[in-house]
Amino acid sequence: MTDFQPQTPVHPSASHAATPIAPMTVDTTAELMEKILYEVKRVVVGQDAFLERVMVALLAQGHLLVEGVPGLAKTLTVKTLSNTVSGSFRRIQFTPDLVPADLIGTRIYNQKTGDFSTALGPVFANLVLADEINRAPAKVQSALLEVMQERQVTIAGVSYPVPSPFLVMATQNPVETEGTYPLPEAQVDRFMMKVLVTYPSDEEEFIIAERAIGAPAFVQPVATTEQLAAMQRLARQVYVDPSIIQYAVRLVSATRQPQQHGLADIGRFITYGASPRATINLVEGARALALMRRRSYVLPEDLTLLVPDVLRHRIAVTYEALSEGISPDDIVARIMSRVAPPAKPIQHDEKIAA
């Protein structure tokens with residue numbers, strides 16, 4: 001997949017008004033998510049796991065951090081997704097000369113009237129793309145702390161809510177260190193998942209080249225922000241058995257106190273573990289994934305599939321781990337091999353009947 005793919009213009013005949021709003025069910029939500037995914041794949045080739053995580057973040061109202069080498073269509077994917085949902089979209093190119101006001105807005109003095117007015121920044125959109133977020137210093141990255149957590153921005157003591165639904169997707173390159181700044185821990189923790197994007201296969205790259213030299217694909221808006229908000233509300237109604245919540249708690253606890261879970265040998269590799277946000281994100285992500293799979297209840301495999309993406313950026317490794325080549329993904333794999341998912345069958349049928 002490549003960033004040199006053609007742009008994704010919206011078809012001239014496409015209207016921003018999608019299908020009329022109707023009560024969302026498990027089946028209609030799954031069908032609409034499939035339509036969104038189909039439109040995205042008209043432009044983006046391969047990367048099925050990455051696209052699935054994007055859909056999960058969209059349903060679970062979680063922010064997404066995407067990491068990969070240049071040219072893997074990280075930016076193109078988010079831009080194409082924004083064209084499938086008829087909401088507002090803003091792309092912010094992070095550079096070292098940005099200041100926080102460039103993101104959230106500022107107060108402007110009018111010399112003619114002698115009054116101050118508020119100019120709102122580009123974060124006031126339904127979908128915000130923070131492109132190459134690690135190219136801006138920490139004080140600029142920290143400007144996103146409030147808006148990502150509380151969905152509002154405070155300027156001169158006045159709070160302004162951002163549009164709903166609201167989602168931040170950030171990209172960063174792992175290979176360039178010159179001119180980049182590590183994300184503050186508080187900033188990283190606000191991302192629901194960190195997804196690693198890898199190179200395409202030879203067959204996928206052949207299709208990429210064909211599409212790049214051909215006519216640009218037209219992307220149709222297939223959903224409205226109202227429909228997206230309704231799907232997000234439905235995702236929060238998906239049933240989660242207490243045993244699965246306890247499974248999430250044990251996984252996250254093992255990153256903080258590995259010795260209590262029979263993993264004393266990896267304790268020396270961990271500076272600090274994941275916060276309670278990780279537990280919440282695991283459960284909410286599993287709900288969204290279950291809904292995409294046409295279920296109104298969560299199975300253990302829904303949660304297990306998301307564990308690496310939810311935990312990898314929340315584990316800080318020690319210098320000893322770095323010297324031995326131990327990555328957060330290695331630690332997560334050890335934890336998952338030790339902390340078993342619930343063995344007891346989930347009585348979802350009884351729950352639905354009740």
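Note: hydrogens, waters and symmetry copies are ignored here, and every other heavy atom, side chains too, is used.
Checking side-chain atoms of T318 against main-chain N and O of R268 turns up a donor-acceptor pair under 3.5 Å. A donor-acceptor pair under 3.5 Å is absent between the side-chain atoms of Q187 and the main chain of P184, judged by distance alone. For H63 (side chain) and V168 (main-chain N/O), a donor-acceptor pair under 3.5 Å exists by modelled atom type. The backbone N or O of E132 sits less than 3.5 Å from a side-chain atom of T171, completing a donor-acceptor pair. At least one donor-acceptor pair closer than 3.5 Å links the side chain of T25 to the backbone N or O of T28. Remark: side-chain polar atoms of Q61 are not paired, donor with acceptor, to backbone N or O of P165 under 3.5 angstrom.
No donor-acceptor contact under 3.5 angstrom links the side chains of D329 and S327, judged on distance only. Between N126 and T225, the side chains place no donor N or O within less than 3.5 Å of an acceptor N or O (distance only, hydrogens not considered). The closest side-chain donor-acceptor pair between T77 and T80, if any, does not fall under 3.5 angstrom.
Of all heavy-atom pairs between M192 and G62, the closest is SD-CA, 3.7 Å. Here the shortest heavy-atom pairing between F124 and P161 reads CE2-O, 3.6 Å. Nearest heavy atom pair, residue V317 against residue A321, reads CB-CB, 3.8 Å. E204 approaches S201 most closely through the heavy-atom pair OE1-N, 3.0 Å. Closest approach of L58 to Q232, counting heavy atoms only: O-NE2, 2.9 Å. R256 and S275 get closest at one heavy-atom pair: NH1-C, 3.7 Å.
Separation of atoms OG (S164) and CD (E226) is listed at 10.0 Å; rounding is to 0.5 Å. Within the model, atoms CD1 of I331 and CG of L311 stand 11.0 Å from one another, a figure rounded to the nearest 0.5 Å. Between the CG atom in L234 and the CD atom in Q227 there is a gap of 13.0 Å [rounded to 0.5 Å]. Atom-to-atom distance recorded for D27:CG and S296:OG is 10.0 Å, nearest 0.5 angstrom. Between the CZ atom of F269 and the CD1 atom of I326 there is a distance of 5.0 Å, given to the nearest 0.5 Å. For the atom pair CD1 (I244) and CG (L303), the distance works out to 7.0 Å, reported to the nearest 0.5 Å.
For the salt bridge (Lys or Arg N to Asp or Glu O under 4.0 Å) test, no residue two or more places apart in sequence or in another chain qualifies with R190. With sequence neighbours excluded, the residues forming a side chain to side chain contact (heavy atoms under 4.5 Å, CB included) with A316 are T271, Y272, listed by chain and number. Not counting sequence neighbours, F206 has no partner by the ring-ring contact (aromatic ring centres under 6.0 Å, His included) test. Residues passing the ring-ring contact (aromatic ring centres under 6.0 Å, His included) test with Y319: none are found, sequence neighbours excluded. The side chain to side chain contact (heavy atoms under 4.5 Å, CB included) test applied to E301 returns L299, not counting sequence neighbours.
For the side-chain contact (heavy atoms from CB on, under 4.5 Å) with D189, the qualifying choice from H313, M148, R314, Q149 is R314, the only one to do so.
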Return all side-chain donor-acceptor pairs below 3.5 angstrom for residues 136-145, not counting sequence neighbours, or 'none' if the list is empty.
| unit_1 | atom_1 | unit_2 | atom_2 | d |
| --- | --- | --- | --- | --- |
| Q141 | NE2 | I133 | O | 3.3 |
| Q141 | NE2 | A136 | O | 2.7 |
| S142 | OG | A138 | O | 2.8 |

In a table with atom names and distances, give each donor-acceptor pair under 3.5 Å that connects a side chain of residues 92-99 to protein atoms at least two apart or in another chain.
| unit_1 | atom_1 | unit_2 | atom_2 | d |
| --- | --- | --- | --- | --- |
| Q93 | OE1 | R91 | NH2 | 2.9 |
| T95 | OG1 | D97 | OD1 | 2.5 |

Below 3.5 Å, can you tabulate the donor-acceptor pairs from side chains in residues 246-253 to any protein atom, sequence neighbours excluded?
| unit_1 | atom_1 | unit_2 | atom_2 | d |
| --- | --- | --- | --- | --- |
| Y247 | OH | T304 | OG1 | 3.4 |
| R250 | NH2 | A340 | O | 2.8 |
| S253 | OG | H261 | NE2 | 3.1 |

Under 3.5 Å, sequence neighbours excluded: what are the donor-acceptor pairs made by side chains of residues 113-122?
| unit_1 | atom_1 | unit_2 | atom_2 | d |
| --- | --- | --- | --- | --- |
| T113 | OG1 | D115 | N | 3.3 |
| T118 | OG1 | R107 | NH1 | 3.0 |
| T118 | OG1 | Y160 | OH | 3.1 |

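Here the side chains of N281 and M193 are not in contact, with every heavy-atom distance at 4.5 Å or above. Put simply, the side chain of Q172 reaches to within 4.5 Å of the side chain of L65, judged on heavy atoms. Considering only heavy atoms from C-beta on, Y199 stays 4.5 Å or farther from E205 through its side chain. The side-chain heavy atoms of L127 and S82, taken from C-beta on, include a pair separated by under 4.5 Å. A heavy-atom distance below 4.5 Å is not found between the side chains of L167 and V128. In this structure the side chain of I208 reaches within 4.5 angstrom of the side chain of P200, judged on heavy atoms. Side chains of L263 and I335 form a contact here, defined as non-hydrogen atoms less than 4.5 Å apart. Under the 4.5 Å side-chain criterion, counting only non-hydrogen atoms from C-beta, R294 is in contact with E31.
Screening residues 227-238 for salt bridge (charged side-chain N to carboxylate O under 4.0 Å, His left out) gives R236-E284 as the qualifying pairs, with residues at least two apart or on separate chains. Under the salt bridge (charged side-chain N to carboxylate O under 4.0 Å, His left out) criterion, the residue pairs touching residues 332-341 are D265-R334, with sequence neighbours excluded. Under the salt bridge (charged side-chain N to carboxylate O under 4.0 Å, His left out) criterion, the residue pairs touching residues 42-56 are E39-R42, K41-D48, E52-R293, R53-D309, with sequence neighbours excluded.
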Take R287 and D302, measure what salt bridge (charged side-chain N to carboxylate O under 4.0 Å, His left out) needs, and give me the verdict at the end. CA-CA 8 Å; R287 277 176 154 177; D302 298 324; over 6 Å; no
Determine, step by step, whether Q220 and T84 satisfy the side-chain contact (heavy atoms from CB on, under 4.5 Å) criterion, reporting the C-alpha distance in whole Å, the side-chain angles of both residues, the deciding distance to 0.1 Å, and the verdict. CA-CA 6 Å; Q220 299 275 8; T84 66; over 6 Å; no
Steps toward side-chain contact (heavy atoms from CB on, under 4.5 Å) verdict (V147, Q152): CA-CA 5 Å; V147 70; Q152 68 175 28; over 6 Å; no
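Cluster annotation: L196 and L282 are assigned to distinct hydrophobic clusters (Ile/Leu/Val/Met/Phe/Trp/Tyr, side-chain heavy-atom contacts under 4.5 Å, transitive). Put simply, L59 and V310 are part of the same group of oily side chains (I, L, V, M, F, W, Y) that touch within less than 4.5 Å, one to the next. Clustering ILVMFWY residues whenever any of their side-chain heavy atoms sit less than 4.5 angstrom apart, transitively, puts L64 in a cluster other than the one holding L183. No continuous path of hydrophobic side-chain contacts links V332 to F191 [ILVMFWY only; heavy atoms under 4.5 Å]. Under a hydrophobic clustering in which Ile, Leu, Val, Met, Phe, Trp and Tyr are joined whenever their side-chain heavy atoms come within less than 4.5 Å, directly or via other members, V123 and V188 fall into the same cluster.
Salt-bridge formation is not detected for the pair R312/E67: no Lys NZ or Arg NE/NH1/NH2 atom is positioned less than 4.0 Å from an Asp or Glu carboxylate oxygen.
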